[in-house]
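This report concerns only the one structure given below.
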Amino acid sequence: MNIAVYCSSRPELGETYEAPAKALGKWIGENGHTLVYGGVNAGMMHILAQAAHDAGAHIIGVVPMRFLARTDAVVSEVVECHDLGDRKVLMMEKADAFVVLPGGLGTLDEWLSTLSQIVVNVDDRRPILVVNTLGIYTHQLQQLRETAASPFARGNHIDRSIEVADAPQLIETLNKISNPCV
């Protein structure tokens, strides 16, 4: 399974935020999956990729041209793209599932763009797991629920995000998704 991960590129966010990235990277590698991410050697993105690399994962880095010099050395396969918009499209095309780790505006943009594409393509059943560490996404998740209940949504399937609180719950949910018969 190819797992696209959206997360912060900020350094030194602390163990509370970094633990889910480390656990996810390790799980991806130990379970023979592929990491698809932004491909740069920065902050939580690198922490995730390093953990995946150390656990033997294949790693696809989708890197905009202006960031090519910052490509992470642990990337197995570099996919060059024009800009951040192209990166989102390519990551979505390559992914079987999505994980949203804590992050800023770029992470929110990737999450909502992915959600929009999945909602528009009603047959698209790919999961989006949102790691809501310390409630970082509580308000966004509430807004999605409110939008789904409003007259602006076309059906209740607008919010396809699966909220998880921490690394153990993320891994438990990924195990269920990757092994639906277990």
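Being a predicted model, the structure only gives us computed values, none of them experimental. The first residue in the sequence is number 1, and the count goes up from there. Values below: all heavy atoms of this structure, side chains included; hydrogens, waters and symmetry mates excluded.
Side-chain contact annotation: Tyr17 with Ser8, donor-acceptor N/O pair under 3.5 Å absent. Of the N and O atoms on the side chains of Gln143 and Thr147, at least one donor lies less than 3.5 Å from an acceptor on the other residue. For the residue pair Asn132 / Thr138, a side-chain donor-acceptor distance below 3.5 Å is found, with atom types taken as modelled.
Gly25 approaches Ala55 most closely through the heavy-atom pair O-CB, 4.3 Å. Here the closest heavy-atom approach between residue Leu35 and residue Ile28 is recorded as N-CG2, 3.8 Å. When every heavy atom of Ala49 is checked against every heavy atom of Ile59, the shortest pair comes out as O-CD1, 3.4 Å. When all heavy atoms of Pro20 and Ala167 are compared, the closest pair comes out as CA-CB, 3.8 Å. Nearest heavy-atom pair, Pro127 versus Asp96, reported as atom, atom and distance to 0.1 Å: CD-O, 3.7 Å. The two residues Val131 and Ile136 have their closest heavy-atom pair at O-CG2, 4.1 Å.
Here the side chains of Glu110 and Val100 are not in contact, with every heavy-atom distance at 4.5 Å or above. Looking at Ile128 and Ile162, their side chains never come closer than 4.5 Å, going by heavy atoms from C-beta outward. Proximity of Val75 to Val63: side-chain heavy atoms (C-beta onward) are nowhere separated by under 4.5 Å. A 4.5 Å side-chain heavy-atom check between Leu170 and Leu24 finds at least one atom pair inside the cut-off. Counting only heavy atoms from C-beta outward, the side chains of Phe98 and Met91 never approach each other to under 4.5 Å. The shortest distance between side-chain heavy atoms of His46 and Val40 does not fall below 4.5 Å. Residues Asp72 and Tyr37 are in side-chain contact: their nearest non-hydrogen atoms beyond the backbone lie under 4.5 Å apart. In this structure, the side chains of Lys94 and Ile60 come closer than 4.5 Å at one or more pairs of heavy atoms.
For the atom pair Asn175 CG and Glu172 CD, the distance stands at 8.0 Å (nearest 0.5 Å). The distance from atom CZ of Arg10 to atom CD of Glu12, rounded to the nearest 0.5 Å, is 10.0 Å. Rounding to the nearest 0.5 angstrom, the gap separating the CG atom in Leu108 from the CG atom in Leu115 is 12.0 Å.
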- Audit row: Gln117, Asp124, side chain to side chain contact (heavy atoms under 4.5 Å, CB included) steps and yes/no: CA-CA 9 Å; Gln117 286 297 316; Asp124 193 338; 5.8 Å; no
- Message: Under the criterion side chain to side chain contact (heavy atoms under 4.5 Å, CB included), I'd like the reasoning laid out for Trp27 against Ser178: C-alpha separation, chi angles, the key distance, then a yes or no.
- Response: CA-CA 11 Å; Trp27 183 87; Ser178 66; 3.6 Å; yes
- Query: For Leu144 and Leu112, what are the C-alpha separation, side-chain angles and deciding distance, and is it a side chain to side chain contact (heavy atoms under 4.5 Å, CB included)?
  - Reply: CA-CA 10 Å; Leu144 288 172; Leu112 293 177; 4.2 Å; yes
- Message: Applying side chain to side chain contact (heavy atoms under 4.5 Å, CB included) to Arg87 and Asp83, what does each step give before you reach the verdict?
- Response: CA-CA 6 Å; Arg87 179 168 80 179; Asp83 58 23; over 6 Å; no
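Side-chain atoms of Asp166 come within 3.5 Å of backbone atoms of Gln169 as a donor-acceptor pair (strictly under, hydrogens ignored). A side-chain donor-acceptor contact under 3.5 Å links His33 to the backbone of Met1. Side-chain atoms of Arg126 come within 3.5 Å of backbone N or O of Ala95 as a donor-acceptor pair. Using modelled atom types, no side-chain atom of Asn41 and backbone atom of Thr71 make a donor-acceptor pair closer than 3.5 Å. Although no hydrogens or angles enter the test, the distance criterion places no donor-acceptor pair under 3.5 Å between the side chain of Glu18 and the main chain of Met44.
Taken together through direct or relayed side-chain contacts under 4.5 Å among Ile, Leu, Val, Met, Phe, Trp and Tyr, Leu84 and Val89 form parts of separate hydrophobic clusters. Ile171 and Ile47 end up in different hydrophobic clusters when Ile, Leu, Val, Met, Phe, Trp and Tyr side chains are linked at under 4.5 Å.
Between Tyr137 and Trp111, the ring-plane angle classifies as perpendicular under the 30° and 60° cut-offs.
Under the side chain to side chain contact (heavy atoms under 4.5 Å, CB included) criterion, Ser113 pairs with Lys88, Met92, Asp109, sequence neighbours left out.
Each of Gln140, His139, Glu146 was scored for a side-chain hydrogen bond (donor to acceptor under 3.5 Å, both in side chains) with Gln142, with one residue passing: Glu146. Shown are Ile3, Val130, Val164; of these, the side-chain contact (heavy atoms from CB on, under 4.5 Å) with Val99 is made only by Ile3.
Among residue pairs with one or both ends in residues 20-40, those qualifying as salt bridge (Lys or Arg N to Asp or Glu O under 4.0 Å) are Glu15-Lys22, Lys26-Glu30; sequence neighbours excluded.
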